[in-house]
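For the numbers below, each heavy atom of this structure counts, side chains included, while hydrogens, waters and symmetry mates do not. Everything numeric here is computed off the predicted structure, so don't read it as measured data. Throughout, a chain's letter reflects where its sequence line sits, starting with A, and its residues are numbered from 1.
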Protein chains: 2
Amino acid sequence: MMQDRLIETAIDQFGRLGFDGASTRDIARASETAMSSITYHFGGKQGLYLACADHIAAKLRERHAPSMEMTKDAQELDRETAIERCLAIVDMLAQTMLHPDSEHWARFIVREQQAPTEAFERLYEGAMQAVLTGVRSLLERARPDIPRDELGAMAMLIFGQSLVLRAARATVCKALGATQLDEAEGALLRRHIRSNTLAILSGETQ
Amino acid sequence: MMQDRLIETAIDQFGRLGFDGASTRDIARASETAMSSITYHFGGKQGLYLACADHIAAKLRERHAPSMEMTKDAQELDRETAIERCLAIVDMLAQTMLHPDSEHWARFIVREQQAPTEAFERLYEGAMQAVLTGVRSLLERARPDIPRDELGAMAMLIFGQSLVLRAARATVCKALGATQLDEAEGALLRRHIRSNTLAILSGETQ
DNA sequence: GTCTATACTACGATAGAC
DNA sequence: GTCTATCGTAGTATAGAC
């Protein structure tokens, strides 16, 4: 399908060059079609951009479906199980950030975070919101000492350890003395993320 | 000075729109000068871009000079003092990420992280490297159980909690149910960053 | 040093053939 | 549904007046 082909290419180009930097000419050429196909299928550059956001949200939702399953019965879990599930979800997120496939669309998302447009709403409501809500309900069991309205903040701070692997990838590589993050570095980082998160979640219950 | 005026405007525009999205016409107009001033002072758009990176590095270096002072004698510190200083530096970083002034240049940096150019080298060598090295030496005292070649990774993961406040600002706001991060949200986040980091640094020494 | 004027290139959108 | 051709706009760079 030509539409998917265009979207895949566009996510890469938009992520790399930004909305203005990317050119519909180049996207069409790389997809081996005419520029006017974009007008036909998506109505224009803006329409293609939003279609990219929807596509990414769907991928994300699919990828984190197993994590979501683990948060369904959060209310009934004991503390240790809740902690263990949090660790599993955080590790899943870390793996996503380390996975080469995430390179293209992660750039797209990070860009939207800086200057949110309608595309960010689609990303958030289409995928992020569910993960955030799920983890929040697990944190409620794992850290009953924390007020409920502060759990969202805690979730984001914990996620930060994983998100930094994409959002500040260049610096992470420098810090590790590596040119890229492959199997060895990934394992090391995941190990530390796990033990750090465990330390945080095992914190005082008062 | 017209050069500074152009740089300030350019950091904002480049950060917001990316290298291609920003236009020298607009930057010149917003700086109330002619477009050809950019050619004269910086040689062209690319030169202006690199000058922005140098300017940001200098600002960062200045801002974190006190933190750097605290890492000078890291070798001689006892564990508790090393931990306390780490917490202070991490809090300083969090404050930087929360400070409204960082909005403009933080966007610039995050952009460079995604697709590093020569500007990233200038940012890293001009400012980030020193902070990273300093914190690594503190971590060596705070967590003697961690192999030395893994301390860079640890530093970045800990920083991640603060960096996420800029890199994923839009999602952080959603998670807090806020439209922006002001005094109240900032205090809450800093408090949790501190206690999370303390939990991590107080970890097993084997 | 700073301006105006201009040359040249590339962009997105669209009309119309097939 | 996909192509080619073209229009109008906006980009950077540069030459030359002051």
Looking across every strand, which nucleic acid part, if any, lies under 4.0 Å from B:Ala22 by heavy atom: base, sugar-phosphate, or nothing? sugar-phosphate
Could you give the CG-to-P distance, from B:Leu17 to D:dA10, as a whole number of Å? 15 Å
Sequence neighbours left out, what passes ring pair (Phe, Tyr, Trp, His ring centres under 6.0 Å) with B:Tyr49? Give chain and number order. B:Phe14, B:Phe19, B:Phe108
From CZ of B:Phe42 over to P of C:dG1, roughly how many Å is that when rounded to an integer? 13 Å
Test side-chain contact (heavy atoms from CB on, under 4.5 Å) applied to B:Ala106 - qualifying residues, sequence neighbours left out: B:Arg166
Whole angstrom value for the distance that separates P of C:dA10 from CD of A:Gln13: 16 Å
Excluding sequence neighbours, so at least two apart, what forms side-chain contact (heavy atoms from CB on, under 4.5 Å) with B:Arg107? A:Gln114, B:Asp12, B:Arg16, B:Glu103
Is there any protein nitrogen or oxygen under 3.5 Å from a nitrogen or oxygen in nucleotides 13-18 of chain D, and what are the pairs?
residue: D:dA13; atom: OP2; partner: B:Lys45; partner atom: N; Å: 3.2

With sequence neighbours excluded, residues passing side-chain contact (heavy atoms from CB on, under 4.5 Å) with B:Ala115: none
Do A:Gln113 and B:Thr171 pair up side chain to side chain, a donor and an acceptor below 3.5 Å, judged on atom types alone? yes
What pairs with A:Glu8 under side-chain contact (heavy atoms from CB on, under 4.5 Å), at least two apart in sequence or on another chain? A:His55, A:Lys59
Rounded to the Å, how far apart are B:Arg29 CZ and C:dC3 P? 14 Å
Whole angstrom value for the distance that separates C1' of C:dG12 from CG of A:Asp26: 13 Å
In terms of side-chain heavy atoms of A:Thr33, which of C:dC11, D:dT2, C:dT2 is nearest? D:dT2
Checking A:Val90, A:Leu163, A:Val135 against A:Ile158 for side chain to side chain contact (heavy atoms under 4.5 Å, CB included), the one that qualifies is A:Val90
What is the distance, rounded to the nearest whole Å, between atom CE of B:Met1 and atom P of C:dT2? 10 Å
Counting just side-chain N and O atoms, does A:Tyr40 come under 4.0 Å of either OP1 or OP2 of D:dT2? no
For the side chain of A:Met2, counting heavy atoms from C-beta on, which of C:dC11, D:dT2, D:dG11 is nearest? D:dT2
Residue mapping more 5' on DNA chain C - nearest nucleotide basis, A:Asp20 or B:His41: B:His41
